[in-house]
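Working notes for the structure below.
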There are 2 protein chains.
Amino acid sequence: MTLEDSVPTVDLPTLEQTAELAEIFHLMGDPSRLRIVLRCLHADVAVTDIAQSLGLSQSSVSHHLRLLRVARLLRAERRGKQVFYSAADHHVRGMLGDMVEHISEGKGGDT
Amino acid sequence: MTLEDSVPTVDLPTLEQTAELAEIFHLMGDPSRLRIVLRCLHADVAVTDIAQSLGLSQSSVSHHLRLLRVARLLRAERRGKQVFYSAADHHVRGMLGDMVEHISEGKGGDT
DNA sequence: CACATATATGAGCATATGATCATATATTAA
DNA sequence: TTAATATATGATCATATGCTCATATATGTG
């Protein structure tokens with residue numbers, strides 16, 4: 001069984017989809033921002049908590065959070081004085097989860 | 001069945017793994033580079049072909065290819081005068097494939 | 001070798017980016 | 001209202017990035 005058999009027709013994403021995908025990758029491409037996303041992937045976390053646990057400034061975290069929120073990767077929910085951030089939806093969790101898995105496996109694989 | 005049931009213990013990647021992941025995302029975060037990777041995801045493609053089919057300059061493509069090659073996302077194979085690029089391994093194909101799927105689905109989902 | 005084709009690379013430049021600092025806004029308590 | 005805590009945002013700046021142009025290298029042909 002060749003590779004082509006298991007990958008019959010590989011519809012490449014449209015230019016628009018590619019641009020959208022690139023935007024997501026671009027956001028995840030910054031280490032601080034990626035750590036923030038991962039921190040919020042499976043839990044609601046307040047801004048101060050994120051900053052403290054990752055050793056980043058409140059301002060920096062807030063700036064990053066705005067980008068992630070606008071891009072709909074994270075969602076914000078205010079409770080009292082605090083704002084809790086979490087993954088926007090299961091697609092975000094799925095994407096990142098898959099990536100993390102691949103990275104964990106990776107390291108020595110070839111085709 | 002709650003979400004937590006299906007995601008028992010979510011070991012976050014190490015700082016090193018996160019940095020590695022961010023580097024990959026960073027590379028994919030440029031639209032031109034992402035298009036190049038997608039073009040090479042399921043086929044060996046020569047540099048000139050990539051440039052022509054994507055409407056990019058040879059120089060620009062070559063610069064991008066070097067980054068992707070060094071990061072081991074793509075591999076190069078010379079055949080005569082031409083150099084053919086393709087996805088380095090099944091992890092790269094898997095990662096991108098998963099991402100493309102999520103993007104294709106996405107669009108309106110929430111948890 | 002000389003020449004053409006294919007790819008790679010270095011320099012230079014305009015723009016994008018991430019961090020910090022200062023400050024603004026929001027919420028709650030006294 | 002005043003004060004304290006939590007978050008957001010605008011300005012500034014040093015650095016990173018992507019592109020182009022020119023040129024170098026590599027392979028094949030006559």
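Since we're looking at a predicted model, the values are computed, not measured. Below, read A as the first sequence line, B as the second, and so on, with proteins coming before strands; counting in each chain starts at 1.
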* Working for side chain to side chain contact (heavy atoms under 4.5 Å, CB included), residues Leu54(A) and Val61(A) -> CA-CA 9 Å; Leu54(A) 300 186; Val61(A) 169; over 6 Å; no

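- Residue whose closest nucleotide on DNA chain C sits further toward the 5' end, between Ser57(A) and Val47(B): Val47(B).
- Extent of DNA chain D lying under 4.0 Å from chain B heavy atoms, first and last nucleotide in 5' to 3' order, is dT17(D) to dG28(D).
- Counting any heavy atom pair closer than 4.0 Å across all strands shown, Phe84(A) reaches no nucleic acid atom.
- A cation-pi arrangement, defined by a distance under 6.0 Å to the six-membered ring centre and an angle within 45 degrees of its axis, is present between Arg79(B) and Phe84(B).
- With respect to the salt-bridge test (charged N to carboxylate O, under 4.0 angstrom), the residues Arg75(B) and Asp89(B) do not qualify.
- Following rounding to the nearest Å, His63(A) (NE2) and dT25(C) (C1') show an atom-to-atom distance of 14 Å.
- Within 4.0 Å of Thr48(A), counting heavy atoms only, lie sugar-phosphate atoms of the nucleic acid but no base atom.
- The CG atom of Leu96(A) sits 6.5 Å away from the CG atom of Leu34(A) when rounded to the nearest 0.5 Å.
- Across the interface with DNA chain C, nearest-nucleotide mapping of Gly80(A) and Gln58(A) shows Gln58(A) to be the residue nearer the 5′ end.
- Between the side chains of Arg39(A) and Tyr85(A), no donor-acceptor pair of N or O atoms lies under 3.5 Å.
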* To do: List the steps, then state whether side chain to side chain contact (heavy atoms under 4.5 Å, CB included) holds for Met28(B) with Ile24(A).
  => CA-CA 9 Å; Met28(B) 311 275 211; Ile24(A) 294 176; over 6 Å; no

